[in-house]
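Note that these values count all heavy atoms, side chains included, but never hydrogens, waters or copies made by symmetry. Along the sequence shown, residues are numbered consecutively beginning with 1.
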Amino acid sequence: MDIVQIDNTIHIPELEQVSGSWVISRKDGTVIGEFCERSNVEKFNPETCIVETSQQYLSRINRTLKES
C-alpha cells in the first residue's frame, strides 16, 4: 500500500488487524518512533514524514533486505 499525501495533510492508514501501531519515519528513512495513538500521529508534518502501519513498515523493510 502506498502512502499518499494530499493538500499538506498527513495520510494515516487504517490499522490492520495485525497492526496495533504506526511507525513514523523521516523521508530519508530514519525512524522517528512507533505510536499507538492516532492523535499523536496527526501532529507530524506530511512534508517531512512517512506514516505506515507497523505491518506496512515491517513488510517494506523485509523487501529491502531481500533485495540487498
Side-chain angles (χ1 to χ4, degrees):
M1 171 184 270
D2 293 331
I3 305 301
V4 179
Q5 298 168 352
I6 301 171
D7 298 330
N8 204 30
T9 56
I10 196 159
H11 173 75
I12 303 173
E14 293 299 319
L15 292 178
E16 297 115 355
Q17 190 173 15
V18 295
S19 296
S21 61
W22 293 274
V23 175
I24 310 294
S25 304
R26 291 186 176 89
K27 298 265 180 159
D28 68 3
T30 306
V31 174
I32 297 171
E34 181 179 13
F35 300 87
C36 296
E37 296 291 329
R38 185 181 186 91
S39 60
N40 290 329
V41 175
E42 292 169 347
K43 296 175 185 177
F44 286 91
N45 182 346
E47 292 183 16
T48 60
C49 297
I50 298 170
V51 178
E52 301 170 283
T53 65
S54 56
Q55 178 66 33
Q56 291 169 333
Y57 171 76
L58 291 172
S59 294
R60 181 173 59 83
I61 294 301
N62 285 334
R63 278 193 310 274
T64 303
L65 292 173
K66 287 180 183 177
E67 293 171 1
S68 298

Review point. Which atom pair, heavy atoms only, marks the closest approach of Ser25 to Glu52?
Key: OG-OE1, 4.4 Å
Point to revise | Ion pair Arg63/Glu67, N-O distance below 4.0 Å | key: no
Check your understanding: Applying the 4.5 Å side-chain criterion to the ILVMFWY set and letting contacts propagate, would Val31 and Ile61 be lumped into a single cluster?
Key -> yes
Exercise for review: Indicate the atoms forming the closest heavy-atom contact of Glu16 with Gln55, along with that distance.
Suggested key: OE1-CB, 3.3 Å
Point to revise | Side-chain donor or acceptor of Trp22 paired with backbone N/O of Leu15 under 3.5 Å | key: no
Practice item. Please check if the side chain of Ser21 supplies one atom and the backbone of Ser54 the other of a donor-acceptor pair under 3.5 Å. Key: no
Point to revise | Same apolar cluster (I L V M F W Y, side chains within < 4.5 Å links), Leu58/Val18 | key: no
Review point. Given the rule that I, L, V, M, F, W and Y join up when any side-chain heavy atoms are under 4.5 Å apart, are Ile12 and Val23 in one cluster?
Key: no
Review point. Is there a path of hydrophobic side-chain contacts, each under 4.5 Å between heavy atoms of I, L, V, M, F, W or Y residues, that connects Val51 with Ile32?
Key: yes
**Study point:** Full working for side-chain contact (heavy atoms from CB on, under 4.5 Å) between Arg26 and Thr48
**Key:** CA-CA 6 Å; Arg26 291 186 176 89; Thr48 60; over 6 Å; no
Review point. In Å, rounded to the nearest 0.5 Å, how long is the span from NZ of Lys27 to CG of Asn45?
Key: 8.5 Å
Practice item. Please tell me if the side chains of Arg38 and Glu14 come closer than 4.5 Å, counting only heavy atoms from C-beta onward. Key: yes
